Amino acid sequence: QVQLVESGGGLVQPGGSLRLSCVASIRNFGSRAMAWFRQVPGKEREFVAAISGADGSQYYADSAKGRFTISRDNGKDSLYLQMNSLKPEDTAVYYCNADGTYFGASYYHPGDYWGQGTQVTVSS
């Protein structure tokens, strides 16, 4: 059974940083594309960043470029999202997604597996 457990969310002031983690219980984690999404109440879940399982290449939403960094530690079956220069509009529940379709650092379609989410609130 696949399980994704996120952590690291919290309250941070504008301009601050947070590092989200996702520990995955999934076979062959290292070969699977992984991603982060986020959702605000009343809005659709939106893509943030993805990382390939094949070569570690990364793909970011425009809103995340230059501020967020996605990474993975295959030895720990873990996915990370380092978020810097946070803005109030980054406030959302952040979700880990596993086993999506990743293509050419320009496309990610989510897989069937989602974590429970972790709340990030950016406010002074």
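On a predicted model such as this, the values are computed, not experimentally measured, just so you know.
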- Start with the C-alpha gap between L20 and E6, add the side-chain angles, then the distance that decides, and say whether side-chain contact (heavy atoms from CB on, under 4.5 Å) holds. CA-CA 7 Å; L20 306 183; E6 301 99 333; over 6 Å; no
- Message: How long is the straight-line distance from OG1 of T101 back to CG of D99, given to the nearest 0.5 Å?
- Response: 8.0 Å
- Task: Look at D90 together with K87 and state whether they make a salt bridge at an N to O cut-off of under 4.0 Å.
- Result: no
- Nearest non-hydrogen partners of L81 and A49, listed with the distance: CD1-CB, 4.3 Å
- Looking at CD of Q39 and CD of E46, how far apart are the two atoms once the value is rounded to the nearest 0.5 Å? 9.5 Å
- Item | E44 atom CD: more than 12 heavy-atom contacts under 6.0 Å | no
- Query: Closest heavy-atom contact between S123 and P14?
  - Reply: C-CD, 3.6 Å
- Evaluate side-chain contact (heavy atoms from CB on, under 4.5 Å) for S63 paired with R38, printing each intermediate quantity in order. CA-CA 12 Å; S63 59; R38 65 187 183 186; 3.5 Å; yes
- Task: Please round to the nearest 0.5 Å and tell me the distance separating atom OG of S78 and atom CE of M34.
- Result: 9.0 Å
- Do F68 and V12 share a hydrophobic cluster, counting only Ile, Leu, Val, Met, Phe, Trp and Tyr and linking them when any side-chain heavy atoms are less than 4.5 Å apart? yes
- Answer with yes or no whether the hydrophobic clustering places Y94 together with V40; edges join I, L, V, M, F, W, Y residues whose side-chain heavy atoms lie under 4.5 Å apart. no
- Message: Show the nearest heavy-atom pair for residues S17 and Q82, with the distance to one decimal.
- Response: CB-NE2, 3.9 Å
- Can you name the closest pair of heavy atoms from L4 and A24 and give their distance? CD2-CB, 3.5 Å
- When every non-hydrogen atom of S71 is compared with those of L79, the smallest separation belongs to O-CD1, 3.4 Å
- Message: Run Q119 and T91 through side-chain contact (heavy atoms from CB on, under 4.5 Å) and show every step you take.
- Response: CA-CA 8 Å; Q119 176 71 47; T91 296; 4.0 Å; yes
- ring-ring contact (aromatic ring centres under 6.0 Å, His included) test vs F47 passes for just one of Y95, Y107, Y102, Y59, namely Y59
- Just do the side-chain contact (heavy atoms from CB on, under 4.5 Å) check on I26 and D77 with the steps written out, would you? CA-CA 8 Å; I26 187 169; D77 290 351; over 6 Å; no
- Under a single-linkage definition using a 4.5 Å side-chain heavy-atom cutoff for Ile, Leu, Val, Met, Phe, Trp and Tyr, are Y80 and W114 assigned to the same hydrophobic cluster? no
- Would you say the side chains of Y60 and Q58 form a donor-acceptor pair under 3.5 Å? yes
- Message: Parallel, tilted or perpendicular, judged at 30° and 60°: which one describes the rings of F37 and Y108?
- Response: tilted
- Message: Membership question, hydrophobic clusters at under 4.5 Å side-chain separation (ILVMFWY): are Y113 and W36 in the same one?
- Response: yes
- List the atom of R72, the atom of S52, and the distance in Å for their closest heavy-atom pair. NH1-O, 3.1 Å
- Does S85 offer a backbone N or O that forms a donor-acceptor pair with the side chain of R67 under 3.5 Å? yes
